[in-house]
Amino acid sequence: MGAITAQTNQHTAGSKKKKDAASPALKAVLHLILWVVALLQIFPLIWLINYSFLKSGDFFGSGILKWPKSFEWNNYVNAFTYGSVPRFLLNSLFITTVTILVAAFLALMLSYAFTRMEWKLRGPAMAFIMLGMIVPIHATLLPNFILFDKLNLIDNPLSLILPYIAFSLPISLLIISGFLETIPRSIEESAVMDGCSVFGVIFRIIMPITKPAIATVCIMNFISWWNEFIMANTFLTSETFKTLPFSIMKFTGQYSSNYGAQFAVMTIIALPTVIIYLLFTEQMSRGITAGAVKG
Amino acid sequence: MHKLMSNRITIFWLVAPGFLLFLFMVCFPIIMSGYYGTTNWTGIGAYEFVGFDNYTKILFHDGVFWRSLLNALLLLAATLLIQHPLALLFAIFVTHAGKFEKWFRAIFFIPAVISIVVTSKMWVSVFHPNFGMLNKLLEGVGLGTWKQDWLGDPQIAIWCVIVVVMWQGFGYALLLYYAGLQGIPKDLFEAAELDGAGRVNLYTRVIIPLLSPMVRVAVVIAVTACLKQMETVFLMTNGGPANTTQFIGNYLYKTAFSSSLYGYGNAISVVFVIICLIITLAMNKAFKKDVGEF
Amino acid sequence: MRKIWITLVAMLMVFSVAACSSGNNGTNGNKGASPSPTNETKETAAPDEGKKADPVTLKFFTALADRSNGAGKIEQAIIDSYMAENPNVKIEVEALQDEPYKAKIKVYASTDALPDIIQAWGQTSFIKPLIDNNMLLELNESEFDSSNFVPGAKDGFSQDGKLYGLPRGTDFLVIYYNKKLFDDNGLSVPTTTAELLEVSKQLRAKGINPIATNAMEGWSLPIWFEYAAQRHTGDFNKMDAVLKGEGKFSGDADFLAAAQDIAALAENKGLADGFLTADYGTSRNLFGQGQAAMYVMGNWEAGLATDENFPEEFRNNVGAISYPASDKGKATDVAAWYGGGYSVSKTSKNTEAAVAFLKYFFAPENWAKQVWETGSGTPAQKFDQFLTGNETALQKQLVDIFSAMTSSSGTPVHDNGTDEFKTKVMEAHQKLFGKQITPEQFLTEMDAAVAVLK
């Protein structure tokens with residue numbers, strides 16, 4: 001790794017001196033560097049998919065990538081049947097969807113109150129929630145378990161949804177309020193003149209305008225909660241509500257000698273997020289652009 | 001207008017749901033931790049109060065705790081000094097990549113969206129001394145003598161973990177800087193070109209200073225992520241060998257759950273939150289911004 | 001006390017095994033009518049009262065995470081057949097690997113919400129806090145008479161004369177070896193500790209990983225060290241005495257010599273590359289795929305010889321030996337203990353149903369028979385009637401080690417105290433095996449761990 005970075009640094013230093021002309025050679029070098037790093041970033045995914053088609057024993061061979069002698073589709077069949085993937089997939093979808101929608105909704109209301117409304121405690125209150133960004137989730141693991149047990153929420157999707165939402169709020173607030181600051185107030189003022197209530201303003205006027213920021217927040221939260229497993233492992237006990245990241249923990253434990261199937265499960269878990277991300281990548285970079293510049 | 005905007009009832013309804021949830025799910029548990037931190041509870045049965053014994057032990061006698069903190073700072077340093085400059089550089093490259101711009105942006109971000117469970121498993125395989133890709137690669141290019149037991153060597157393991165964390169977060173940092181670049185008005189580039197200013201000058205003198213708000217956001221996110229690091233370590237090394245790759249999140253989990261020192265584990269998490277608070281406040285001072293905005 | 005029993009039982013086994021190997025056909029005939037384990041159990045246990053009763057859901061929490069192989073597969077098969085016979089009973093299984101399991105059981109215990117049936121270990125570190133805090137149901141010993149538990153097996157699950165759990169198996173640590181790797185390189189399987197070191201050096205010189213084990217989890221190392229120590233002290237009891245406060249580790253020439261043995265092994269790279277970061281699955285695969293010559297693991301891995309995921313060449317060549325001897329300790333001095341088992345939660349709303357299931361589970365023809373026949377371990381119940389003579393060579397070797405046992409270590413050292421003690425002991429061992437501390441420092445760290453117990 002170190003060697004590679006050092007190399008790219010040299011390349012860039014060199015290419016920068018030539019600059020300006022944007023000669024074809026320079027362009028080629030630039031593209032080469034980009035492709036090398038892109039490959040480094042995506043290679044593990046390729047490797048993952050490659051090995052998901054191999055037999056367990058092939059893992060110990062000498063090559064880095066291997067063309068399978070015969071495609072072991074069986075690995076995927078195993079993954080689907082024994083790994084309970086379809087059910088876990090639905091659970092994950094349900095839990096993350098509810099989380100990101102409610103979190104975006106609450107964060108929007110909070111952002112509005114913090115950026116537009118006038119009240120004495122708004123500075124400290126906002127700072128207070130922002131501090132939540134530094135609280136590690138695992139610090140709340142056991143106290144929350146005790147709490148949920150008292151509330152009878154163990155093994156209930158709410159035991160994940162509630163903390164997920166709470167931990168989403170600081171970063172969502174940061175992005176949405178940053179975005180709100182960039183929007184001129186004149187639009188709302190005219191709406192208020194027309195007799196619109198504050199809630200009306202938020203949901204009829206602000207929400208459509210802040211769509212990029214909301215989308216960004218949703219995607220960022222989606223990624224972090226889709227992959228969360230420590231809370232899921234602690235708060236869920238029965239198979240009924242378990243989420244996807246858990247299935248790989250389960251699967252690697254249960255089929256520890258079947259590497260091929262393990263890689264198949266990992267591929268199945270990795271692909272949905274990659275696809276969803278690819279579908280929304282445009283939306284997301286626009287959202288971050290618009291929202292965070294002002295920061 | 002003013003009257004409407006300072007209506008207490010409206011403010012209450014806007015703030016209360018989110019704020020209460022936050023209090024209940026984030027703050028309340030920490031207060032509970034503070035309470036359990038003063039006990040010698042093992043997680044089961046009765047316990048006694050031991051006052052501040054746990055806290056003094058952490059601060060003055062717990063080498064692993066300080067090692068964990070040091071590791072977090074190492075990671076932070078590597079992130080800020082290596083990952084972020086590279087991410088910024090590549091963000092600039094990507095904007096010049098022509099028709100492939102979107103492709104690169106998407107590919108670079110992919111590791112960030114893949115479950116850490118998956119990436120950790122994968123990297124453990126990559127680092128495996130016998131059949132791992134890294135050693136095979138070194139042998140393949142004739143550097144067989146560089147082969148290592150990457151994760152088993154106490155001197156090297158922490159750097160491997162840091163590389164993995166940086167790799168995974170690279171796309172995230174890149175996207176933030178890329179987004180920042182997109183926010184810079186295009187005519188600025190054109191004006192500079194007309195002036196005949198060199199591209200390097202353009203970036204170092206004009207563009208990068210304009211990016212500073214974005215840098216601030218990226219740095220804040222990096223700091224919190226580094227301090228909170230747990231999952232990658234939990235899955236790759238569980239802090240081993242001999243706690244050399246321990247991070248506080250994992251350490252407190254291990255203390256509370258594997259060693260059954262629940263009271264002590266909670267005390268760790270309280271001290272940890274306080275340290276994070278101090279670092280954040282210091283950072284805000286450095287950025288000369290009020291706390292509310294980071 | 002417990003050790004003596006294991007040893008006695010083992011000696012009894014000598015006779016029964018001898019009897020069996022001569023009378024294969026007879027035993028086969030007795031049970032030949034019922035080859036399929038799941039179909040034959042209709043008439044046993046599970047009294048009728050269950051059938052018409054209200055629906056019952058039992059939460060079953062186990063650390064046998066692998067449900068498709070070995071013991072986990074059998075556990076699941078018995079659960080499935082029980083549910084088929086008792087349609088009103090639904091058993092929800094939650095399975096995690098050892099360490100996550102133990103972490104989660106603490107979460108349950110801290111909120112007094114244990115599942116109905118849990119896996120328990122008859123070892124102080126695990127079961128004592130649960131018993132002391134009144135969380136486990138006292139079992140009626142006489143109800144399980146027909147299960148034929150071997151004498152002493154239940155001791156670890158008992159406290160103050162009351163029984164709180166039932167053991168699933170007898171465990172002992174052995175060295176599995178890959179005969180082909182030894183033969184191909186003109187090496188012979190070590191019989192003394194000196195040979196073990198020598199063989200490791202030669203394997204390493206030939207570019208083969210000598211010994212694999214799961215040092216990331218850490219529990220195999222202290223048991224290994226118990227062997228190394230016994231080979232110098234000649235007596236497993238000496239270590240227990242130190243734990244009780246009689247004497248110390250540091251300053252003791254025998255313990256130092258044992259630690260030096262391990263250090264020498266580590267120094268000569270006797271341990272497989274990456275062993276410190278190898279978890280159970282990784283180390284097992286390393287050995288099973290022919291990448292390491294030896295594998296230090298418990299006797300429950302007899303399934304190595306039948307696991308289809310491994311190449312046939314390996315399956316036909318895997319064998320097991322006891323830890324090599326020295327002038328003080330014999331190969332028949334074995335680190336053996338009673339391993340995992342089950343307990344019932346006191347707060348369970350369905351204690352009766354839970355106990356009924358355990359009775360079914362431990363009926364001789366269920367667990368004991370099936371676990372033995374599949375080579376997934378050595379039951380803690382009498383199983384001599386299930387010896388068929390069709391066992392794999394590996395199974396036979398394991399039985400031989402077990403039946404030749406002349407003394408045993410009892411509960412592994414790290415499980416003889418609190419969890420904090422356990423963590424410290426395992427970390428000290430990881431450092432010793434990982435060459436991060438000297439043998440002297442190791443003994444000092446062990447003493448520091450013992451100090452925690454006071």
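A note on names: the letters A, B, ... follow the listed sequences, proteins ahead of strands, and every chain is numbered from 1.
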Against chain A, label [X] side chain, backbone, both or neither, depending on which of its atoms sit under 4.5 Å from a heavy atom there.
X: B:Tyr35; answer: neither
X: B:Phe108; answer: both
X: B:Ala16; answer: neither
X: B:Trp159; answer: neither
X: B:His96; answer: both
X: B:Leu277; answer: both
X: B:Phe22; answer: both
X: B:Leu21; answer: both

Compute the centroid of each ring, for [X] and then for [Y], and state whether the two points are separated by less than 6.0 Å.
X: A:Phe43; Y: A:Trp47; result: no
X: B:Phe93; Y: B:Phe90; result: yes
X: A:Trp35; Y: B:Phe104; result: yes

Which of the residues A:Leu141, A:Ile129, A:Leu271, A:Val274 is involved in the greatest number of heavy-atom pairs with chain B at under 4.5 angstrom? A:Ile129

Less than 4.5 Å apart, side chain to side chain, heavy atoms only: is that true for A:Leu162 and B:Phe24?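 Contact flag for A:Leu162/B:Phe24 side chains = no.
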
With sequence neighbours excluded, residues passing salt bridge (Lys or Arg N to Asp or Glu O under 4.0 Å) with B:Lys254: C:Glu427

Determine whether A:Tyr51 and B:Ser125 satisfy the following criterion, side chain to side chain contact (heavy atoms under 4.5 Å, CB included), listing intermediate values before the conclusion. CA-CA 11 Å; A:Tyr51 274 80; B:Ser125 311; over 6 Å; no

With sequence neighbours left out, what residues match B:Ile31 under side-chain contact (heavy atoms from CB on, under 4.5 Å)?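 Partners of B:Ile31 by the side-chain contact (heavy atoms from CB on, under 4.5 Å) criterion come out as none, since no residue qualifies.
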
The interface call for A:Ala125 against chain B, heavy-atom contacts under 4.5 Å, is both

Among B:Ser269, B:Ala106, B:Gly140, single out the residue with the greatest number of heavy-atom pairs under 4.5 Å to chain A.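 It is B:Ala106.
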
